[in-house]
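Order of listing sets the numbers, starting from 1, for every ligand and every atom in it. The basis for the numbers below is simple: all heavy atoms, side chains too, and nothing from hydrogens, waters or symmetry mates.
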Amino acid sequence: MAYYEIEGGAPLRGHIRASGAKNAITKELVASLLTSEECVFENVPRMGETQVTLDMLESLGSQYTWEDENTVRIQTPQLTATEVPLAFSGINRVPILLLGPMLHRAGEAAIPMLGGCNIGPRPVDFHIEALTRLGAEVQTEEARFVARASELHGTVIDLPFPSVGATENVLLSSSMAKGTTVIHNAAIEPEVIDLIVVLQKMGAIISVDVDRTIIIEGVDHLTGLRHRTLTDRIEVASFAIAAILTGGDVFISGAQQINMMTFLNKLRQAGGGFEVNHEGIRFYNTGKSLQPMALETDVHPGFMTDWQQPFLILMTQADGLSVLHETVYEKRFGYVNELKRMGAQVELYRQCLGGKTCRFVHRNFYHSAVIKGPTPLKAADITIPDLRAGFTYLIAACIADGVSKIDGIRYIKRGYAQIREKFEELGAQIREVDTAPETELEALPA
Ligand code: EPZ
């Protein structure tokens, strides 16, 4: 298995280009199944997760080519299979989103059980309930979900929580349903909006109304499109913190302020430097000490849960006590133990600390953290438990004293494009040691 060796201490300096967002492109590739015409996506990140999604679509009859490094042409003249092979079991969250488009194309669909990062139970009950309301009959079998529908029809869906995946599922399933669908309590993350933009370019009629209401008027036909996928705001935030904590100065071209305003506000409050211009955002260390703060994650436009891990490492270097309350996933502090071994002072609590009471109150999940800083970190051998924690470990290793060995890098490679190359480019002392070839479909990101 491959691992990284990182020698801490080098300030990250220079210029990198932000990649396209994994959590947008994978869903947009699924949207291409709704038409038999050619769809072209630009700014597609070359990473394991994109490739797995393309492989899944290919197993259903899609044909694709890479036009250049980051442009994919994909077309599905006919659906040649109605079952996603079991080989894709436990790989990621994409199969559940395939159900709607496959039902439109073939009236039946079977998908394997989902995978994804181990950050909580991650049920799909909202998806199944929504598909059922749209007129599908969905059965859960031992190893797969099987769905049938002669046609999907518009309905009203009240999501119990503004789930990103469930909102995307309804968008993909209802764009060609008969009649109008209304989603109440919908997710409005930029990646969801980017999917709506894609569907609109394809001919869908979707409006985003006040109070998290999305209205989809079903159409009979969708066409091909050309689309440039939005930038990965999680990658940008992570490199921003890496730049600041290493005492560096990094310009990230393609970084989009509009999708990162909540992060930028918190970064400014913490004392991190940034400057925006029309090409991207420069992040730098101001030379002043970082300030502690209370912060809680939330659905958009709140502080996103995927920024939580890099921000926690920032808090370990702030001058005083910080509080971080995770309100989206119940088990998203699993990575903290390894950071404690490196010297971070973090305590986890079951209570809702620092802000409002969340839906995990009295549910016995360690979902709040108190972080005492600043604490120097020392190098360690650590194993990555999930994608976003993985990047955080890279930052920790970059500021630690000594050489860290980081195992489990397959998680990172699945969700970040050219991650080692980007760290190297910025001057990090990072080396990949490959001890054996990796298997194709191993590992599971978001
Ligand atoms: C997406 O996950 C992202 N993954 C996640 O990114 C991201 O953290 C999350 O949205 C929130 O922004 C992808 O886009 C592939 P949810 P998703 O449905 O859609 C509960 C990363 O590292 N829920 O919004 O799976 C669920 O358990 C990741 O890139 C149900 O209870 O997230 C969670 O507590 C990790 N039942 C909450 O809702 C359901 O049927 C939010 O989940 C669906 C969700």
Interfacing atoms of ligand 1 (cut-off 4.0 Å, heavy-atom, V328)
33 (C), 34 (O), 37 (C), 41 (C)
Pair D381 + R341, salt bridge at N-O below 4.0 Å:
no
Could you establish whether K331 and ligand 1 come within less than 4.0 Å of each other, counting only heavy atoms on the residue side?
no
Contact partition for E129 relative to ligand 1, non-hydrogen atoms under 4.0 Å
neither
Heavy-atom distance under 4.5 Å between the side chains of N70 and R46, does that happen here?
yes
Just jot down the ligand 1 atoms closer than 4.0 angstrom to any heavy atom of R388, in number order.
21 (C), 22 (O), 29 (O)
Proximity of R93 to ligand 1 by residue part, where a heavy atom lies under 4.0 Å:
side chain
In ligand 1, the atoms that come under 4.0 Å of a heavy atom of H127 are 40 (O)
What atoms in ligand 1 come closer than 4.0 Å to a heavy atom of G165?
18 (O), 19 (O)
Ligand 1 N/O within reach of P123 N/O, cut-off under 3.5 Å:
yes
Which heavy atom of A2 sits nearest a heavy atom of D434, and at what distance?
CB-OD1, 3.6 Å
Relative to the heavy atoms of L387, which atoms of ligand 1 are at a distance of less than 4.0 Å?
22 (O)
Would you say the ring centroid of Y4 lies under 6.0 angstrom from that of F423?
no
Step by step, work out the salt bridge (Lys or Arg N to Asp or Glu O under 4.0 Å) result for D298 and K356.
CA-CA 11 Å; D298 210 336; K356 65 181 186 218; 2.7 Å; yes
Numbering as shown, the atoms of ligand 1 that approach R332 to under 4.0 Å (heavy-atom distance):
8 (O), 22 (O), 35 (C)
Would you say the side chain of T26 lies within less than 4.5 Å of the side chain of E168, judging by non-hydrogen atoms?
no
Which bit of F161 gets closer than 4.0 Å to ligand 1, counting heavy atoms only: side chain, backbone, both or neither?
side chain
Residues which pass ring-ring contact (aromatic ring centres under 6.0 Å, His included) with F365, listed by chain and number, not counting sequence neighbours:
F360
Compare all side-chain heavy atoms of M342 with those of S404 and state whether any distance is below 4.5 angstrom.
yes
Basic-acidic side-chain contact under 4.0 Å: R414, E49:
yes
Heavy atom to atom 14 (O) of ligand 1, shortest distance: which of K27, E168, K22 holds it?
K27
Side chain, backbone, both or neither: the part of D125 lying under 4.0 Å from ligand 1 by heavy atom:
both
Residues passing the ring-ring contact (aromatic ring centres under 6.0 Å, His included) test with F251, sequence neighbours excluded, are H15
Pull out every atom of ligand 1 sitting under 4.0 Å from any heavy atom of T305, numbered as shown with elements.
8 (O), 11 (C)
Indicate yes or no: does an N/O atom of P162 lie under 3.5 Å from an N/O atom of ligand 1?
no
Polar atom proximity, A166 to ligand 1 (N or O, under 3.5 Å)
no
